Amino acid sequence: FETFFKTYTEKVWGMPCSELKAEWAAQRIKDLSLKSAILSMFFKPRKTIQTLIEEFDYPRLGPGMMWRAVTSEIESRGGTVRLNSGVLSVKREGNRIKAVVVGDGKTTREVIEGTDFISSMPVTELIKAMDPPPAPEVLEAAGKLSYRDFLTVCLIVNKRDLFPDNWIYIHDPGIHVGRIQNYLNWSPDMVPNQEQTSLGLEYFCTEGDEVWCMEDEDLIELGKREVEQIGLAGYDDIVDGCVVRVEKAYPVYDEAYARYLSTVREFVDGLENLQTIGRNGLHRYNNQDHAMLTGMYAVRNLMFGDKHDLWAVNTDSEYHEEITDAESEALGYAVGEGAAIVEGVLSNYFPGYQVTGPGAILGSIYGFFSGFATGYVFAFLRNSVAFLYMAIVRRRAEHQLLRRLLDHI
């Protein structure tokens, strides 16, 4: 697992694993809350833990079906969706956005005015597009935020049932591809011919680097060779392919990003009629469901006057509960102080205690230390049970992965 994590993070982030600020990984680990783990030992969980979801609904023709449906709904209500129209500049007057200039940057240019604006574009590009520009420190902070890009080499293979999973991760350092999607396994309607398979080979890169700048034909050739090298299919089994590039797919969490993002957020939050949403708009490593939720909340803020904090989506405290040794002590102090407060009812349990001035002091001491011991022991036992449970879960997961590996050998 350590070898896999090291190799995969180097492929994804393009840097040695030791230099990676793995905050996002820690966040996902915390999703397995201790509270949920303990309760699941005695009761049937009311909902599935986020990182252990085994199934979910998938659009028959892929996620694009949702956005085509949204486009159709907007147009049916008299709205307009402009494709291939980049944001050239964002006109600002003080703390309000007045208009957005869109176009292809060459021949077309259109000014669109509005009363309220919602932006899902990379927040770094949003800051740079401001006219007039914000303060120098905001521009500098935006320039310090970075992204990781990736591209997909889609290959058509004259075979079916290449592997049973929806996707697999490739941790061989001699292979460039980091992850392979099997679209047929997502939905049989994702491929026109049930005797063929469509593979999506995902290469993590940075815009402008060697992989990103390769010609499509060379990338397809690389993909065909690596599929054969992995052993999924033969070189001659691949009959066609294409390349799709995705810019700024992953916001990078380096050692200083939080400080720079805080500066950018302070400026964005100061704009009265602008909300940023989505993975790029918030520079947060959200999945699609959370990104969509930020858009829904933004609309509710606009239409109904709700006060949803879009930056707080996917930071729910119920998934981040963990009691450490220091917190055990804190619980002990809290219980101890509570016991000290009610020392007036403890005269029957503490020898030498009487309801007098000196007796009150003695009762407080008795109450505090007995309460501290009770709280600390409770927290300690809670942690011990939870850690034991998580160790069992991990061992079962490892055994399951090993069985699946042996099944394929």
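The structure presented is a predicted model; accordingly, all values stated were derived computationally and were not measured.
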Heavy-atom donor-acceptor pair, Arg279 side chain to Asn286 backbone, under 3.5 Å: yes

Side-chain (Gln194) to main-chain (Pro188) donor-acceptor, under 3.5 angstrom: yes

Polar side-chain atom of Glu228 near backbone of Tyr235 as donor-acceptor pair, under 3.5 Å: yes

Salt bridge (Lys or Arg N to Asp or Glu O under 4.0 Å) between Lys224 and Asp236, worked out: CA-CA 9 Å; Lys224 294 168 66 174; Asp236 294 332; over 6 Å; no

Tyr203 and Phe150 aromatic centres sub-6.0 Å: no

Test item: Thr294 side-chain N/O and Ala291 main-chain N/O as donor-acceptor pair under 3.5 Å: yes

OH-OG distance between Tyr260 and Ser146, expressed to the nearest 0.5 angstrom: 10.5 Å

CA sep, side-chain torsions, deciding dist, call: Glu110, Arg82, salt bridge (Lys or Arg N to Asp or Glu O under 4.0 Å): CA-CA 11 Å; Glu110 181 181 4; Arg82 291 177 172 83; 2.9 Å; yes

Ile170 and Ile180: CA distance, side-chain angles, deciding distance, side chain to side chain contact (heavy atoms under 4.5 Å, CB included) verdict: CA-CA 8 Å; Ile170 309 300; Ile180 300 179; 4.2 Å; yes

Exam field: side chain Asp172 to backbone Gly174, donor-acceptor pair closer than 3.5 Å: yes

Atom NZ of Lys128: over 12 foreign heavy atoms under 6.0 Å: yes

Ser85 side chain to Leu83 backbone, donor-acceptor under 3.5 Å: yes

Value rounded to 0.5 Å, distance of CG in Leu126 from OG in Ser119: 4.5 Å

Over 12 foreign heavy atoms within 6.0 Å of CZ, Arg160: yes

Mutual orientation of the aromatic rings belonging to Tyr253 and His283 [parallel < 30°, tilted 30-60°, perpendicular > 60°]: tilted

Asp209 side-chain N/O to Val211 backbone N/O, donor-acceptor pair under 3.5 Å: yes

Residue Glu113 excluded, over 12 heavy atoms near CD under 6.0 Å: no

Side-chain donor/acceptor of Ser72 to backbone N/O of Arg68, under 3.5 Å: no

Distance in Å, Asn280 CG paired with Met121 CE, rounded so as to fall on 0.5 Å steps: 9.5 Å

Residue pair Asp237 / Val227, side-chain heavy-atom distance below 4.5 Å: no

Distance (rounded to the nearest 0.5 Å) between Ile277 CD1 and Leu293 CG: 10.5 Å

Arg259 bridged to Asp254 by N-O distance under 4.0 Å: no

Check: Trp167 main-chain N/O paired with Asp165 side-chain donor or acceptor under 3.5 Å: no

Residues Tyr147 and Thr206: side-chain donor-acceptor under 3.5 angstrom: no

Heavy atoms of other groups near Glu266 CD, more than 12 under 6.0 Å: no

Side chain Ser187, main chain Arg60, donor-acceptor under 3.5 Å: yes

Atom pair NE2 (His176) and CG (Leu219), whose distance is rounded to the nearest 0.5 Å: 10.5 Å

Atom pair CG/CZ of Leu199 and Phe163 - distance to nearest 0.5 Å: 5.5 Å

Side chains of Glu272 and Asn95, donor plus acceptor under 3.5 Å: no

Polar contact flag, side-chain donor to acceptor under 3.5 angstrom, Asn301-Gln275: yes

Heavy-atom closest contact (Pro122 atom, Lys248 atom, distance): CG-CD, 3.5 Å

